[in-house]
Participant: 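Pasting a structure below so you can have a look.
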Amino acid sequence: MRENASLETGFVFPERTIVRAAADQARWLRAAGVDPAVWDGIAEPTLWGNDGFRGMKLVRQQPNGYVHVEQRMQVSEHAALGEEIRFRGVTESVEPARKGRLVTQRFEVVRASGAVAVAMTHVGLLPDPAAMAERGGGGDAKGEPEPLEALAEQAMTPERVTTFSREVGNLIHFDPAFAMGLGFRAPLAQGLQTMTWMVGALGPEAPLSVTCRFRRPVFWDEPMTLLGRRDGDGRPVYLETRNRDGKATAQMAVQGAR
């Protein structure tokens with residue numbers, strides 16, 4: 001996909017009005033391995049991240065091959081399913097990186113009252129295919145050294161990954177030839193798909209602040225385990241997903257509101 005001049009620091013995305021439909025949310029949550037009943041009547045906050053990606057697609061800021069590196073999310077309050085919200089965003093930075101360019105965007109979910117219900121920061125790599133084909137230098141993202149409690153297991157499938165990601169449009173999620181061209185053995189599940197599963201373990205808390213780092217790719221046919229650590233009140237304060245080899249694929253710190 002050809003980029004345009006919108007891929008620059010300070011670009012303000014056209015504001016959009018969005019209404020989250022219950023049927024759409026249920027379909028996406030099931031694809032992520034989450035029971036829709038957990039978010040009964042509530043717009044699940046992680047899924048707003050895909051509205052950010054749709055906005056990027058509309059202005060050609062999200063070429064095929066974009067690799068999500070980190071997602072920060074602050075939930076001040078929850079919007080409701082069927083509620084009309086204003087969705088706005090800005091490109092905060094575009095910087096050179098070892099394997100391409102690192103792009104940071106911030107998106108906000110604004111309710112009719114003017115309150116920012118959810119704020120999200122996307123950090124992603126726009127890859128240079130030649131650099132992506134090189135091996136080494138990425139570091140070994142190991143799991144937490146402390147014992148973690150096993151919370152859940154699931155296996156990704158091509159059908160579920162495609163259901164979660166097809167409206168975003170990034171070929172890396174459902175085109176095997178394209179994924180292999182970037183050095184991956186198969187298409188990748190979105191980082192947000194894994195993160196939605198992780199946030200489902202927290203439930204509809206607000207205020208809430210999380211930082212999720214996507215450490216390794218999750219292939220569209222890969223089993224995963226969700227583990228966590230709780231505080232003295234039994235509330236998860238750290239969540240981690242691991243692949244079949246026991247290596248961390250995503251690591252999420254859970255904090256209070258910022």
Side-chain angles (χ1 to χ4, degrees), residues 6-20 24-25 28-29 32 34 38-39 41-59 61-62 66-95 102-125 164 167-168 190-214 235-239 250-258:
S6 68
L7 187 57
E8 59 185 13
T9 300
F11 174 79
V12 177
F13 288 84
E15 188 171 285
R16 296 141 62 205
T17 298
I18 298 174
V19 177
R20 174 83 59 78
D24 289 337
Q25 174 161 296
W28 297 326
L29 289 177
V34 178
V38 172
W39 298 96
I42 297 171
E44 195 281 338
T46 319
L47 294 174
W48 295 117
N50 266 354
D51 289 293
F53 285 132
R54 290 184 189 95
M56 293 162 62
K57 180 182 177 183
L58 287 171
V59 296
Q61 272 200 15
Q62 192 203 12
Y66 175 102
V67 178
H68 205 171
V69 176
E70 179 178 298
Q71 182 83 350
R72 300 189 290 273
M73 180 173 75
Q74 293 82 46
V75 182
S76 298
E77 55 190 71
H78 288 294
L81 289 173
E83 176 181 345
E84 185 175 284
I85 62 97
R86 290 183 291 119
F87 194 84
R88 63 193 186 196
V90 61
T91 299
E92 294 188 330
S93 65
V94 182
E95 301 174 339
L102 206 61
V103 180
T104 301
Q105 290 112 344
R106 178 180 171 87
F107 296 97
E108 295 179 335
V109 174
V110 185
R111 306 186 77 182
S113 66
V116 177
V118 183
M120 296 156 296
T121 300
H122 293 28
V123 182
L125 177 71
F164 192 88
E167 295 175 27
V168 176
Q190 273 188 262
L192 283 178
Q193 188 167 0
T194 297
M195 185 175 170
T196 299
W197 187 39
M198 299 168 88
V199 172
L202 302 175
E205 293 192 26
L208 175 71
S209 177
V210 301
T211 299
C212 191
R213 293 182 173 87
F214 305 113
R235 178 179 180 270
V237 293
Y238 175 84
L239 293 168
Q251 297 172 318
M252 190 168 77
V254 183
Q255 305 95 20
R258 293 179 180 176

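These numbers come from the heavy atoms of this one structure, side chains and all, not from hydrogens, waters or symmetry mates. Being a predicted model, the structure only gives us computed values, none of them experimental.
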Participant: May I have the step-by-step check of side-chain contact (heavy atoms from CB on, under 4.5 Å) for M73 and V118, ending in yes or no?
Facilitator: CA-CA 7 Å; M73 180 173 75; V118 183; 4.0 Å; yes
Participant: Could you tell me which residues satisfy side-chain contact (heavy atoms from CB on, under 4.5 Å) with A115, sequence neighbours excluded, listed by chain and number?
Facilitator: E77, S113
Participant: Considering residues at least two apart in sequence or located in another chain, which fulfil the side-chain hydrogen bond (donor to acceptor under 3.5 Å, both in side chains) criterion with E70?
Facilitator: R72, R213
Participant: Which atom names give the shortest non-hydrogen contact between V69 and L125, and what distance separates them?
Facilitator: CG2-N, 4.0 Å
Participant: Calculate, to the nearest 0.5 Å, the distance between atoms CZ and CG belonging to F13 and L58 respectively.
Facilitator: 9.5 Å
Participant: Is there a donor-acceptor pair closer than 3.5 Å between any side-chain N or O of T9 and the backbone N or O of V94?
Facilitator: yes
Participant: Under the ring-ring contact (aromatic ring centres under 6.0 Å, His included) test, which residues partner F87, sequence neighbours left out?
Facilitator: F107
Participant: Could you pull out all residues at least two apart from V19 that satisfy side-chain contact (heavy atoms from CB on, under 4.5 Å)?
Facilitator: E84
Participant: Just jot down the ring-ring contact (aromatic ring centres under 6.0 Å, His included) partners of F214, sequence neighbours excluded, or say none.
Facilitator: H68
Participant: For residues 193-204, which residue pairs qualify under side-chain hydrogen bond (donor to acceptor under 3.5 Å, both in side chains), counting only residues two or more places apart or in two chains?
Facilitator: none
Participant: Check whether any side-chain heavy atom of L47 lies under 4.5 Å from a side-chain heavy atom of L29, and answer yes or no.
Facilitator: yes
Participant: With heavy-atom distances below 4.5 Å as the criterion, would you say the side chains of W39 and V199 are in contact?
Facilitator: yes
Participant: So, for F164 and A32, which heavy atoms are closest and what is the spacing to 0.1 Å?
Facilitator: CE1-CB, 4.2 Å
Participant: Excluding sequence neighbours, so at least two apart, what forms side-chain contact (heavy atoms from CB on, under 4.5 Å) with P236?
Facilitator: L202, R230, L239
Participant: Using side-chain heavy atoms (C-beta onward) and a distance below 4.5 Å, is S76 in contact with V116?
Facilitator: no
Participant: Heavy atoms, side chains only, cut-off 4.5 Å: are T104 and E95 in contact?
Facilitator: no
Participant: What's the shortest heavy-atom distance between G49 and L192, and which atoms?
Facilitator: C-CD1, 3.5 Å
Participant: Could you give the distance from CD (Q255) to OG (S209), rounded to the nearest 0.5 Å?
Facilitator: 4.5 Å
Participant: Which residues satisfy the side-chain hydrogen bond (donor to acceptor under 3.5 Å, both in side chains) test with E83, sequence neighbours excluded?
Facilitator: R111
Participant: If the condition is ring-ring contact (aromatic ring centres under 6.0 Å, His included), which residues does W48 pass it with, not counting sequence neighbours?
Facilitator: none
Participant: Report the residues that fulfil side-chain contact (heavy atoms from CB on, under 4.5 Å) with A206, sequence neighbours left out, ordered by chain and then residue number.
Facilitator: V75, H78
Participant: With heavy-atom distances below 4.5 Å as the criterion, would you say the side chains of E44 and W28 are in contact?
Facilitator: no
Participant: Could you report the tightest heavy-atom contact between H122 and G52, atom names first, then the distance?
Facilitator: NE2-CA, 4.2 Å
Participant: I need the minimum non-hydrogen distance between V38 and G203, along with the two atoms involved.
Facilitator: CG1-CA, 4.1 Å
Participant: Distance check, rounded to the nearest 0.5 Å: F11 atom CZ versus L7 atom CG?
Facilitator: 9.5 Å
Participant: Residues two or more places apart in sequence or in another chain: which of them pass side-chain hydrogen bond (donor to acceptor under 3.5 Å, both in side chains) with R16?
Facilitator: none
Participant: Can you give me the closest heavy-atom contact between P45 and M120, atom names plus distance?
Facilitator: O-SD, 4.2 Å
Participant: State, with a plain yes or no, whether a side-chain heavy atom of V254 is found less than 4.5 Å away from one of E205.
Facilitator: no
Participant: Out of curiosity, T121 OG1 to Q105 CD, how far, rounded to the nearest 0.5 Å?
Facilitator: 9.5 Å
Participant: Heavy atoms, side chains only, cut-off 4.5 Å: are T46 and Q71 in contact?
Facilitator: no
Participant: First locate atom CG of L81, then atom CD1 of I42, and finally report the distance between them rounded to the nearest 0.5 Å.
Facilitator: 8.0 Å
Participant: Looking at residues at least two apart in the chain, or sitting in another chain, which of them share a side-chain hydrogen bond (donor to acceptor under 3.5 Å, both in side chains) with T91?
Facilitator: Q61
Participant: Nearest 0.5 Å, please: how far is CG in N50 from CD in E167?
Facilitator: 8.5 Å
